[in-house]
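Below is one structure, written out as structure tokens; the observations come after it.
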Amino acid sequence: MGVLLVWALLAVVVAVVVGRGIRLADERSAVPASMSISDLAAGFAPDPSAVRR
């Protein structure tokens, strides 16, 4: 029973650490969360080499 408790506690700690890392990465990203096509510049054209078919 003790081993199960240790594994559960370890899983919670890992989940918290990974969750905080994701949250910090989201806060540091420069892209706004609600960016849409209307936010692009009027003359914007995608790079043709980036399009995959």
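Scope of the values below: all heavy atoms of this structure, side chains included, with no hydrogens, waters or symmetry mates.
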Residues that Leu9 engages under side-chain contact (heavy atoms from CB on, under 4.5 Å), provided they are two or more places apart: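 Testing Leu9 for side-chain contact (heavy atoms from CB on, under 4.5 Å), a comparison that skips the adjacent residues, returns none.
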So, using side-chain contact (heavy atoms from CB on, under 4.5 Å) as the criterion, who are the partners of Val18 when residues are at least two apart?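 Val14, Ile22.
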Summary of salt bridge (Lys or Arg N to Asp or Glu O under 4.0 Å) pairs that have at least one residue in residues 14-25, sequence neighbours excluded: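 Listed once each, the pairs are Arg23-Glu27.
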May I have all residue pairs that pass salt bridge (Lys or Arg N to Asp or Glu O under 4.0 Å) and include part of residues 4-14, sequence neighbours excluded?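 Every pair satisfying salt bridge (Lys or Arg N to Asp or Glu O under 4.0 Å) with a residue in residues 4-14: there are none.
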Do Leu10 and Val16 belong to the same hydrophobic cluster, where Ile, Leu, Val, Met, Phe, Trp and Tyr are linked whenever their side-chain heavy atoms lie under 4.5 Å apart, directly or via other members?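 Looking at the clustering, Val16 is in a separate group from Leu10.
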